[in-house]
Every structure is written in structure tokens, then in C-alpha cells.
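See structure below.
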Amino acid sequence: YERSKLEGIKPSEAMKNTYDVLRYTLIFECSDKSDLYVDNTRIAFGALCESFRYKLDYFRNYWVVPNNPYNGVNAGMCLPTTKFELQVHTPESFDLKNNAMHDLYEQIRRSGISDYEKESLNAKMFELSSKLRRPAGIDTLQIGEDK
């Protein structure tokens, strides 16, 4: 509903391009020395797209997006009748996203919040995310046409 208001479109139109109403999460361990997170992410998307014929509509590796405190992989997947979002996290990034970062994100979205408050909350989000261990090889992870 919020998206339809922001974009000036009908709610039914906004829903056509909304993937995160139905969301699944894969969690893979990561290490500084092993590409398991990256390898397992590639294997998972390969299986979904090649073996099960899901269509990948978008793939975003937020681990490498500058000026964004969120760390994870988000992808829009679909079958002819279903759209869903698939997120890939480490145990630590998943915990951070669902707890401390989520609380800060919800505070930023409050109406009437000042620019100063937004900047302060955003700085806290960046501080928290800077403490996450980055998966080895994450800079090379790209799947699909969003390369």
C-alpha cells in the first residue's frame, strides 16, 4: 500500500512487482579463508534456475553496494504464478538484519523524523554492519543479468 501511494499507482499494480511478500532465507556460514558462502549461493541459484526452472528476475549482492549498511544477497524469483524473494545471509548478517538493524530501520521510517535523527540512526546501522565478517570471494559473486 505504501509503495502504491509513493509511486502514485494502484495497489494491484504495485503488487505485480513486489517480491518480498513471500520471502525465503538461506543461511550459509562464512569464513575469511573459504568461499563456502559464495560457492553455496552459486549452487543454490544454479539448482533453482537450471534444475527447477525458476526465473531469476533480479539479483543484488548488497555486500558490495557502497553507502548501504545492509549486507546480504537478495533475489527476485518467480514461477508463472508465484513471485518471491530469496535472501542469502550468514548467521551473523541474518541476526543483525532481524534485530538491531531492523529496529533502527523502523525508527528511520517514522513520520516526522528529523534529518539529524535519520543521519544518527543511519550511522548506527553502518557501525553495526561494519563489524560483520565479509565472506571470502564476495566481491566476485554475481548471478544472472544484473551483472
Side-chain angles (χ1 to χ4, degrees), residues 1-7 14-111 113-147:
Y1 180 73
E2 287 179 25
R3 183 168 167 221
S4 66
K5 282 176 45 178
L6 284 172
E7 296 181 15
M15 287 301 296
K16 287 181 184 178
N17 293 314
T18 301
Y19 291 81
D20 64 352
V21 171
L22 180 58
R23 178 183 299 148
Y24 295 97
T25 304
L26 296 173
I27 299 175
F28 297 127
E29 293 291 338
C30 84
S31 120
D32 302 340
K33 299 175 175 107
S34 167
D35 289 352
L36 279 179
Y37 176 94
V38 170
D39 291 345
N40 286 334
T41 300
R42 285 187 176 121
I43 290 166
F45 280 97
L48 287 169
C49 295
E50 294 166 24
S51 300
F52 296 104
R53 303 285 185 226
Y54 284 87
K55 181 178 176 247
L56 178 66
D57 283 346
Y58 66 85
F59 181 91
R60 298 193 181 111
N61 179 357
Y62 286 103
W63 289 96
V64 298
V65 174
N67 301 317
N68 187 335
Y70 175 79
N71 289 289
V73 166
N74 291 19
M77 308 288 295
C78 70
L79 289 170
T81 59
T82 306
K83 289 184 178 190
F84 64 94
E85 182 176 81
L86 179 61
Q87 294 185 352
V88 186
H89 283 281
T90 66
E92 296 84 11
S93 71
F94 183 70
D95 179 61
L96 182 59
K97 173 192 89 95
N98 283 331
N99 293 302
M101 289 273 280
H102 183 74
D103 293 342
L104 294 168
Y105 174 74
E106 288 300 324
Q107 289 179 51
I108 287 174
R109 294 181 61 197
R110 289 188 330 245
S111 64
I113 187 170
S114 72
D115 288 343
Y116 176 79
E117 286 177 290
K118 280 184 185 178
E119 287 178 28
S120 176
L121 292 166
N122 206 28
K124 287 179 186 176
M125 291 171 63
F126 275 103
E127 180 184 342
L128 289 169
S129 67
S130 72
K131 296 175 184 173
L132 286 174
R133 181 176 46 195
R134 290 174 54 88
I138 195 63
D139 295 334
T140 68
L141 181 60
Q142 188 59 51
I143 297 171
E145 296 178 13
D146 283 352
K147 293 180 181 175

side-chain contact (heavy atoms from CB on, under 4.5 Å) between Leu96 and Asn71, worked out:
CA-CA 9 Å; Leu96 182 59; Asn71 289 289; 5.7 Å; no

Please find the pair of heavy atoms, one from Asn74 and one from Tyr70, that lie closest to each other, and give the distance.
OD1-OH, 2.7 Å

Is it the case that atom OH in Tyr24 sees more than 12 heavy atoms from other parts of the structure closer than 6.0 Å?
no

Supply the atom-to-atom distance Trp63 CH2 to His89 NE2, rounded to the nearest 0.5 angstrom.
8.5 Å

When rounded to the nearest 0.5 angstrom, what is the spacing between CD in Glu92 and NZ in Lys131?
14.0 Å

How long is the straight-line distance from NZ of Lys55 back to CE of Met77, given to the nearest 0.5 Å?
10.5 Å

Strictly distance-based, threshold 3.5 Å: is any side-chain N or O of Ser120 a donor or acceptor partner for the main-chain N or O of Tyr116?
no

In terms of heavy-atom contacts, does OH of Tyr105 have more than 12 from other residues, nucleotides or ligands at under 6.0 Å?
no

side-chain contact (heavy atoms from CB on, under 4.5 Å) between Ile108 and Met125, intermediate numbers included:
CA-CA 10 Å; Ile108 287 174; Met125 291 171 63; 3.6 Å; yes

Within the distance-only criterion (no hydrogens, no angle test), does the side chain of Arg23 pair as donor or acceptor with the backbone N or O of Gln87 below 3.5 angstrom?
no

Kindly determine whether Lys124 and Glu127 satisfy salt bridge (charged side-chain N to carboxylate O under 4.0 Å, His left out), including the steps that lead there.
CA-CA 5 Å; Lys124 287 179 186 176; Glu127 180 184 342; over 6 Å; no

Pair Ile113, Leu121 - check side-chain contact (heavy atoms from CB on, under 4.5 Å), show working.
CA-CA 11 Å; Ile113 187 170; Leu121 292 166; 3.6 Å; yes

Val38 and Ala136: which non-hydrogen atoms are nearest, and at how many Å?
CG2-O, 3.4 Å

Do Ser93 side-chain atoms and Thr90 backbone N/O form a donor-acceptor pair below 3.5 Å?
yes

Distance, nearest 0.5 Å, that separates CG of Asp35 from CD1 of Ile138:
9.0 Å

Between Ala44 and Leu26, which heavy-atom pair has the shortest distance, and what is it?
CB-CD1, 3.7 Å

Got a list of side-chain donor-acceptor pairs under 3.5 Å for residues 45-53, not counting sequence neighbours?
from	atom 1	to	atom 2	distance (Å)
Arg53	NH1	Glu50	O	2.9

To the nearest 0.5 Å, what is the distance between OH (Tyr37) and CZ (Arg134)?
10.5 Å

Nearest 0.5 Å, please: how far is CG in Asp39 from CG in Leu141?
9.5 Å

Nearest non-hydrogen partners of Asp95 and Asn99, listed with the distance
OD1-ND2, 2.7 Å

Tested for side-chain contact (heavy atoms from CB on, under 4.5 Å) against Val73, the lone hit among Phe59, Tyr62, Phe28 is Phe59

Run the side-chain contact (heavy atoms from CB on, under 4.5 Å) check on Glu29 and Leu36 step by step: do they pass?
CA-CA 7 Å; Glu29 293 291 338; Leu36 279 179; 5.7 Å; no

Please check this pair: side chain of Asn122 against backbone of Lys118, looking for a donor-acceptor N/O pair closer than 3.5 Å.
no

Heavy-atom closest contact (Met101 atom, Pro69 atom, distance)
CE-O, 3.3 Å

